[in-house]
Amino acid sequence: MGFMDSYKKRLKVDTVNRAMELDTEETLISEFKNSPAYKEAILLDENMNETPLDIRLVNVDKSVFEKKIYLLPNTKLEIGRYIKLQGEYFLIKEFEFNSMSPFAKVKYCNQKIMFVDGSFVPCIAEGESYGVKMVATNDVILDVDTKVKVTVGDITKTRNIYPDFRMIFGNSRQGIYRVGDSTYYQKGLITFTCKKDKYIQGLDDLENNIAWQPDYDYGSQANANRSIEKKKKMLVGKEC
């Protein structure tokens, strides 16, 4: 940038400091992509709509699951939103806004929660041995009551997950869990405490990881997909 460009810019702002900030901001933006850490990512909003996002991605303490992403100046993100990168999903767990160099800490989503309609929400499932205890079943056989913590972003889709919601991980009968409780202890995030649940033959779809839901009205869904054709009139009390 030449002297006259800087001079003209200073004429448009109130202070010399602000002019210097604009110069720094333009330099950061122009050099942002000239880094080996630069990636083209996608930001998912409240309703999972996609927006392109320029980031610089670095590991946190050499972890392959936790990352730190640096953003362009004046970029603001929300905790609990998702970032999609090369087909993988990361959940934003922390965000630090600095107008010149904002950054976020994200964690890799190792599972997906599938819904009856085929849509999904990425999630972080942790602790296969979390809260393990031995319990006696009705058949007097000891089973392992394994609990896992499943963390998601606090978005429209996940707010409709209530106790007894079932989920399948890994296309496996051993990967079926039922939500027992949910906590909102950190803004933007929801953590579900889930325990092992039994496979329901003929209802659970292991191939697509879609679990049968006890509170879902499957009847109304079937009716919603029906249409009436070739009928100009319908008489009250008569079947079509």
Side-chain angles (χ1 to χ4, degrees), residues 42 44 46-50 64-66 80-93 106-139 141-184 188-225:
I42 295 174
L44 305 179
E46 165 85 9
N47 297 304
M48 302 297 281
N49 297 315
E50 301 183 349
V64 296
F65 298 109
E66 296 185 19
R81 298 295 184 259
Y82 294 93
I83 291 177
K84 183 180 179 181
L85 180 63
Q86 298 176 342
E88 302 290 347
Y89 294 88
F90 294 84
L91 179 62
I92 300 174
K93 301 197 73 176
V106 300
K107 191 164 184 176
Y108 174 69
C109 295
N110 58 354
Q111 297 289 350
K112 294 177 181 178
I113 298 175
M114 300 298 300
F115 295 87
V116 173
D117 61 4
S119 62
F120 70 89
V121 169
C123 68
I124 302 170
E126 300 175 292
E128 285 293 336
S129 60
Y130 170 78
V132 170
K133 62 181 179 180
M134 302 303 292
V135 296
T137 67
N138 293 333
D139 298 324
I141 299 175
L142 288 179
D143 291 336
V144 178
D145 183 18
T146 306
K147 293 183 180 179
V148 297
K149 293 185 294 184
V150 178
T151 303
V152 297
D154 184 2
I155 61 175
T156 303
K157 200 78 174 177
T158 56
R159 291 188 203 111
N160 291 321
I161 297 178
Y162 299 103
D164 289 333
F165 181 93
R166 302 171 71 248
M167 55 190 76
I168 301 176
F169 298 144
N171 310 96
S172 172
R173 295 189 181 195
Q174 285 69 48
I176 301 176
Y177 296 89
R178 183 187 295 265
V179 173
D181 188 27
S182 59
T183 56
Y184 295 72
L189 301 175
I190 305 174
T191 298
F192 300 110
T193 300
C194 310
K195 67 177 182 179
K196 283 268 193 179
D197 202 22
K198 292 184 178 180
Y199 170 69
I200 303 177
Q201 182 73 37
L203 295 178
D204 286 333
D205 181 358
L206 294 180
E207 182 179 354
N208 298 298
N209 281 334
I210 299 177
W212 178 80
Q213 302 299 339
D215 295 330
Y216 186 79
D217 190 349
Y218 288 89
S220 65
Q221 181 65 22
N223 293 331
N225 293 330

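Nothing here was measured: the structure is a model prediction, and the numbers come from that model.
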Sequence neighbours excluded, which residues qualify as salt bridge (Lys or Arg N to Asp or Glu O under 4.0 Å) partners of Asp215?
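Partners of Asp215 under the salt bridge (Lys or Arg N to Asp or Glu O under 4.0 Å) test: none.
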
Atom of Leu91, atom of Cys109 and distance for their closest heavy-atom approach:
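Closest heavy-atom pair between Leu91 and Cys109: N-SG, 3.8 Å.
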
Between Val150 and Phe169, is the side-chain contact (heavy atoms from CB on, under 4.5 Å) condition met? List the steps.
CA-CA 11 Å; Val150 178; Phe169 298 144; 4.2 Å; yes

Using only atom types and a distance under 3.5 Å, with no angle test, would you say the side chain of [X] pairs donor to acceptor with the backbone of [Y]?
| X | Y | result |
| --- | --- | --- |
| Tyr89 | Val121 | no |
| Tyr82 | Pro122 | yes |
| Thr191 | Thr183 | no |
| Arg159 | Asp154 | yes |

Are the ring centres of Tyr216 and Phe165 closer than 6.0 Å?
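That pair fails the under 6.0 Å test.
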
When rounded to the nearest 0.5 angstrom, what is the spacing between SG in Cys194 and NZ in Lys149?
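Answer rounded to 0.5 Å: 11.5 Å.
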
Worked verdict on Tyr108 versus Val64 for side-chain contact (heavy atoms from CB on, under 4.5 Å)
CA-CA 8 Å; Tyr108 174 69; Val64 296; over 6 Å; no

According to the salt bridge (Lys or Arg N to Asp or Glu O under 4.0 Å) rule, which pairs have a member within residues 160-169, sequence neighbours left out?
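Found Asp164-Arg178, Arg166-Asp197, Arg166-Asp204.
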
Between Lys157 and Asp117 (salt bridge meaning N to carboxylate O under 4.0 Å), is one present in this structure?
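Answer for the salt bridge query: yes.
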
